[in-house]
Each structure stands twice: as C-alpha cells, then as structure tokens.
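Single-structure report; data block below.
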2 protein chains.
Amino acid sequence: MMHDEVVSRLRHVLMEGEIPPGARIPERELCASFAISRTPLREALKVLAAEGLVVLLPNRGSRAAKLTQKDVKELFEVCEALEAAAGELACPRISDEQLREIAELQANMVEHYRAQDLLSYYRCNRLIHEAIVRAADNAVLAGFYESVAARIRRARFITPMSPEHWGLAIQEHEGILNALQRRDARGLAHILHTHLRRKREEVVRAGFAEGE
Amino acid sequence: MMHDEVVSRLRHVLMEGEIPPGARIPERELCASFAISRTPLREALKVLAAEGLVVLLPNRGSRAAKLTQKDVKELFEVCEALEAAAGELACPRISDEQLREIAELQANMVEHYRAQDLLSYYRCNRLIHEAIVRAADNAVLAGFYESVAARIRRARFITPMSPEHWGLAIQEHEGILNALQRRDARGLAHILHTHLRRKREEVVRAGFAEGE
DNA sequence: TTGATCATTTTTGCATTCAAAATAGTTCCT
DNA sequence: AGGAACTATTTTGAATGCAAAAATGATCAA
C-alpha cells in the first residue's frame, strides 16, 4: 500500500518540476522528506525509470529524465496514435451520459476561449481528451495514454498559442464532438489525428525556437 | 547493471511460462535460483508489475498476471493501433537496407508457408512486424509495442490457423510489403489494421472456445 | 467427523547495515 | 602554480535483520 503511495508522490514531485528535468535525484533528501528508508524509494525510482520519467545511471544515481526534441516528437507521435485509436474505439462504446459530459466540457471550453482564459481552456481541453480515452474502455490504452500525456505535460509546453490556431483548435473540437455524437469512428480518428498533428507541429516549432 | 539483468531474467521466466499465469511468485526460491538477495528481486517485481506482467497483492505477495478475455482484447486493440502507427511512420523513414531485410523475411515466410511449418512461419511473421516497428524509428512506440507484444505472446495463442486464414494472412503480408515499397503510409496503416483485426478475431474466437 | 479457534511458522515490507564504487579533497612533485 | 596521485568522504547497490501480517496446522468442542 505504501509502495504506490511513494511512486505517486515521487511522480508528483517530478511532474511539478520540483526536481527539474536533468537534475540529480537526491535519494537521502527525498527519504527524509517522505520519512521513509531508501529501500521503498529506490523501488519507486526503478518503477518510474520503467515509465520513462527517471533515468538510472549505474553507480551514479538517478536523474529526472530530460526530454530531447526527439523525445517530444516521439511522444507526440504515439499520443496521436493512441488518441485516434481511443476515439475510434469510443464511438461504438460511449454512453449517452459520457457524451453529455463531453458536450458540457466542450461548452465550458468555448466559454474559456471566449474569455481568452488559456489556463482554464487547457484544463477543459485535457479533460475532454481524457474523457474520450475513458470512453474507449480499454485499460491498457488508458495506461499508455496516461504515461505519454504525463511525460508531455512535464515538458511544460504552455505555448502561448496563436489566435488563429486557437480558433482552429476550437473548430476541430466541434468536429470531434460531432463525430462522437454521430458515432463516426473513422471520421473521429481522422479529426483527432489532424488535431494532434497540428498541436505537435506547433510545439515542435516552439521547441526549436527555444533551442532544445 | 545487475538490476536490468534481474528484470530480464525474471521477465524471461514469466514469458516462458515457468511460472504459469495466476501462479504465486516464490520470492525465496527465485532469490536462490538467481543467487541474489530479496532486495533486487523485489525491485524487479515492481518494475514488471508496472509493465503488467506481475500483479502485486499488498501483504500477499506477487503473482504472475493472468490474462482475462478482456485483457487480450484490450492488448490486441492497442497492438493494432501501435502497429498501424508504426507502419505509417515507417513509410517515409525506412531505409532501402531495412526494406530489403523485410523483403527477405517475407520470402522466407512464404517458404515456411509452402512447407506448412507453422512455428517457423510465426517466427518470420514476428520478425517482420518487429522490423516495421524498428523502421518507425520511435523508441517510445517500440517500447510500448514490445510490452504489448510480450504480454500477448505470453498468452500462448498458437492458434492452429485455418488454411484459408493462413492464405489470407500471406496475401495481406504481400500487401504490407508492397505498401512499404511504395511508401504508401495510409495504405499500409489500413492493411495492418485489417490484418491485425483478423488475427484478433481469430484469437478471441479460439479464446471463447476454450472458455477462459 | 466436522468446524472453529488459537498457536506456530512462513512470508512480506521496510529499515538497517555493509561493501564497492564514485566524488571530493589533500598532498606532493615538477 | 599547475597537475598528477593518493586518501578520505560520500553515495550507491545489494545483503541482512526485524516487526507485522498472512498462511499453516494443531487442538478442542460439538
């Protein structure tokens, strides 16, 4: 029971950037702050290393994983595939209740767009994508998606988003909701693909801009 | 360095079915057989639990994960998405050398089909799919694929394969190679989808037959 | 004989300890 | 002074130890 606790606390520390990417992970300090011994912490480190959040250097400790440009590209490519698949699977499986929930999130998101509230917009956007993945009713897919999304998020790409792109994203989301309501699996997969590809290109551009 | 060693040895033990799905994992015995203490073994168990090969029951030890019918379905759905994505990404990236390698594997596979050597056929088939994933040049994708493929393989679905399906699979593989050579990303993704969906349906049918 | 309760043994989870490796610091030589 | 070599300290990786929990089995009552 404690093991999962340690893993999620450590994941949280890494996700919140308390230990920045590339930085050494101070075993002893974390043990003290979590009030545990090194054994469970080291187990958690190995698990997070398998997840890709931590890199283990033999005899030289562990560091918070650093995302290279290529890593980000790879994560986006996989994210794209997973979300498209989720959408396709969700279409025949989604319940009216879930559909209603997404429609509501969508409405909220548009509100935040109107108010130009980027942070709330992002939160809604994320909830919608997560809801679609949930509707796919596939635990393996959901697990992979969570892992990929977490790693992408950790890169903290809160790209300012150009007005045109933001508008386009909103339009695409209308299309997503529409396809879901029409249970158009193929159409939804296609929209999600282009939607995410656009986001990826935007992020990659921003990434290049800031160097690495 | 020892850590990875233990993880892969343990994975091997599980994959080869030396510990059958659902069985308890005898910590002390494995420690003795690997000639290590419990600490590194337990770390490995946690890593494999994160991979889905092991389930940890708090205060009740660990067991080899047992695949339910739903698990198999989920794994196949994700496998389908990953391979289709791999094919799509591989098209623009694959080298002539890699293409040649796959063509050769394909020729071998057809030979094994002619000789009705199912085991060799499966081996070639697997190598081809792995080669496509490798050609996609995406480490995240490759890692997920490996994990999913391993779990599917462990279920040991060496379904006898009806002659018609076998013939169809061979045809589809011709199509796969063709699309790769023409660098037809969309076409390849489509063929891979149907190819794997067919296999899934076959396996699921066999699974239902034997109850689970 | 069956079933329930309690003691014994085993197993699990974490803390601690120990040896080896890496890092830092110091001395010595040029 | 600058740099190589050696020693001391810290840190890592794995073994062992210990308390708590579960599994086993033994005893006893119905």
Side-chain angles (χ1 to χ4, degrees), chain A residues 1-67 143 154, chain B residues 1-68 143 147 154:
Chain A
M1 201 57 62
M2 171 168 157
H3 169 70
D4 294 332
E5 176 71 15
V6 174
V7 170
S8 49
R9 284 185 73 179
L10 184 53
R11 189 187 286 117
H12 187 263
V13 165
L14 292 168
M15 291 294 300
E16 293 306 308
E18 292 173 41
I19 297 176
R24 282 190 44 133
I25 295 175
E27 260 185 35
R28 301 182 56 76
E29 276 182 43
L30 278 177
C31 288
S33 111
F34 289 179
I36 55 173
S37 77
R38 284 177 55 224
T39 308
L41 181 75
R42 283 162 81 12
E43 286 176 353
L45 282 170
K46 306 254 198 278
V47 169
L48 293 179
E51 271 181 36
L53 274 175
V54 166
V55 289
L56 304 172
L57 302 92
N59 292 322
R60 317 184 94 220
S62 39
R63 310 186 84 94
K66 195 172 170 182
L67 293 188
R154 200 175 70 95
Chain B
M1 204 51 61
M2 170 169 160
H3 169 71
D4 293 333
E5 175 72 13
V6 174
V7 170
S8 50
R9 284 185 71 179
L10 184 53
R11 189 187 286 119
H12 187 262
V13 165
L14 292 168
M15 292 294 300
E16 293 305 308
E18 292 173 41
I19 296 175
R24 286 190 77 235
I25 295 175
E27 261 186 32
R28 297 179 51 76
E29 277 181 41
L30 278 176
C31 287
S33 109
F34 289 0
I36 56 172
S37 76
R38 284 177 54 224
T39 308
L41 182 73
R42 285 168 59 60
E43 287 176 351
L45 282 171
K46 304 249 198 278
V47 169
L48 292 180
E51 274 181 34
L53 275 176
V54 167
V55 290
L56 303 172
L57 301 92
N59 292 320
R60 313 179 112 228
S62 38
R63 311 185 84 95
K66 195 172 169 180
L67 294 188
T68 66
S147 166
R154 200 175 68 96

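All figures in this text were calculated on a predicted structure; none of them were measured in a lab. Residue numbers start from 1 in every chain, and the chains themselves are labelled A, B, ... in the order their sequence lines are given, proteins ahead of strands.
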Non-hydrogen atoms of Arg63(A) and Leu57(A) that approach each other most closely: CG-CD1, 3.5 Å
Base of dA14(D) paired with side chain of Ser37(B) (donor-acceptor, under 3.5 Å): no
Rounded to whole angstrom units, what separation is found between the [atom1] atom of [X] and the [atom2] atom of [N]?
X: His3(A); N: dG13(C); atom1: NE2; atom2: P; answer: 10 Å
X: Leu41(B); N: dG13(D); atom1: CG; atom2: P; answer: 17 Å
X: Arg42(A); N: dT11(D); atom1: CZ; atom2: P; answer: 14 Å
X: Phe34(A); N: dA15(C); atom1: CZ; atom2: P; answer: 13 Å
X: Glu27(A); N: dA15(C); atom1: CD; atom2: P; answer: 13 Å
X: Asn59(A); N: dA21(C); atom1: CG; atom2: P; answer: 7 Å
X: Arg38(B); N: dT16(D); atom1: CZ; atom2: P; answer: 12 Å
X: Arg28(B); N: dT10(C); atom1: CZ; atom2: C1'; answer: 9 Å

Distance (rounded to the nearest 0.5 Å) between Cys31(A) SG and Arg42(A) CZ: 9.5 Å
Close side-chain approach of Pro26(A) and Ile19(A), heavy atoms under 4.5 Å: yes
Test item: Pro40(B) and His3(B) side chains (from C-beta on) under 4.5 Å apart, heavy atoms: no
Residue-phosphate contact under 4.0 Å: Arg24(B) side-chain N/O, dT12(C) OP1/OP2: yes
Upstream residue (5' side of DNA chain D) when Arg60(A) and Pro40(B) are each assigned their closest nucleotide: Arg60(A)
Sugar-phosphate only, base, or nothing, as touched by Leu45(B) at under 4.0 Å among non-hydrogen atoms: nothing
